[in-house]
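See structure below.
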Amino acid sequence: MPPGLRVNAVAFISAQNHPIIVRTFSAQDETTIKYHYIAHTSLDVIEERVNAAGGKSTDCYLGLLYAMEDVAVYGYITPLKVKIVLALALSDSVVRDVEINMIFKALHMAYYSSISNPFLTHNDDSVDGSRTLTVGSTKWKNFRRRIDEIARVVGNPTSTSIGGG
Amino acid sequence: MSARNSIQISSKPASSLVTPSLAALADPPMRYVDGAMMDYFLIEVVNTLRESSAVATARSKRIEKEMIDAGLLPSPQPPVPALPLKPENPRDSTVSLNSKTSGKVAVIDDEEEAVRTRLETIGMHVGANFAERLCRDRSLFAETLDVIKFICKDVWTACWDKQVDNLRTNHRGVYVLQDNAFKTISRLSSWEGRPEAIRRAKLYVAMPAGIIKGALQRLGYNAVVTPEINSLPQCTFQVKLPKGS
């Protein structure tokens, strides 16, 4: 059984290009800022791809954006202009588009489930962008937990049980 | 609201990475709500909110009056013609909605405004999340007309089981969506006659207007949505998009 892919980081960026959350899974702590940087540069690549496609409608899944020293960065943009950036550790195993697309769909569902909670977002109800400020707080830990779950599932393809709660 | 559940998908994994658990997370099974129950619920929502917002308004007015009496707030200006005699009129003289006294009508409008705002806010939240969920499997929108068509077809079908009957535009940012048998008000009638029924129906379309507004807002357009009822059960929504979109 080939080893699962290691998810290094997941970043969500809002429609106004504010970061919503950047979550890293590698061991060291000091590389968090590196993934902020990666998310930032991905924005440029995404913008360029979306504008190049121009008038005709494009797919949500943007594929491999670019590859850096030890990570491969994939991008996804929802029709609501929320961008999801996934950084995977470079490895020799073949990576299929359909699998990455599934990961993105799962991340989108996690985001959607957290956003739908009316008790969470009614406190900061200016125009959409300010939601980013409260993401660090405890209320959003459900969202973080869901992202962690997805990363764990991706990393261990042999496990078949889904954690409860 | 958890996206995870303990249902095991029984298909065999097609590849080493796509496990049953990832498939379940990516595409959670749909949860269904009884249609008739939803209809009853939406009708009752309006009544409940009317009571609740009457209580809230009364409470805030009482606090305001206390602050005025204590001298913390400047006393209100001589009453503008829109709200004459309001502080003196005893508020618990319940009047029928048919009353023609201008003072009492102003009081009722104030409360109705409060209910309408609440309904619209709820609708906005619901509409935004509907749009988010329905956008999942489709590609990016090419242009504004696409967005409006998405609302007319997908959102309308999801909420009210049919599509919009007529869409008109003046190509300058104003769209008129017409529904000839709008589900929310199709069963509404009043023993006081047609005009009365139309007047009451105005409150019930506040939430659908909010749904449209919320969906557009989440998609990036800050529109102004105005519902209009000329004859039951026909309803039109006028959507005005800001310049430049």
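Protein chains get the first letters and strands the later ones, always in sequence-line order, with residue 1 at the start of each.
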Can you confirm whether B:Lys202 is buried at NZ, in the sense that more than 12 heavy atoms of other residues, nucleotides or ligands lie under 6.0 Å from that atom?
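Yes, NZ of B:Lys202 has more than 12 neighbouring heavy atoms, counting only those of other groups under 6.0 Å.
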Please say whether more than 12 non-hydrogen atoms of neighbouring residues, nucleotides or ligands are located less than 6.0 Å from OH in A:Tyr37.
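Incorrect, the count does not exceed 12.
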Provide the closest heavy-atom pair for A:Pro79 versus B:Cys135 in the form atom of the first, atom of the second, distance.
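Here A:Pro79 and B:Cys135 meet closest at CG-O, 3.4 Å.
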Any idea which heavy atoms bring A:Leu80 and B:Ala131 closest together, and the distance?
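Distance-wise, the nearest heavy atoms are CD1-O, 4.2 Å.
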If you round to the nearest 0.5 Å, how far is CZ of B:Arg218 from NZ of A:Lys81?
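So the gap between those two atoms works out to 14.0 Å.
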So which part of A:Ile77 gets closer than 4.5 Å to some heavy atom of chain B, the side chain, the backbone, both or neither?
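Both backbone and side chain of A:Ile77 come within 4.5 Å of chain B.
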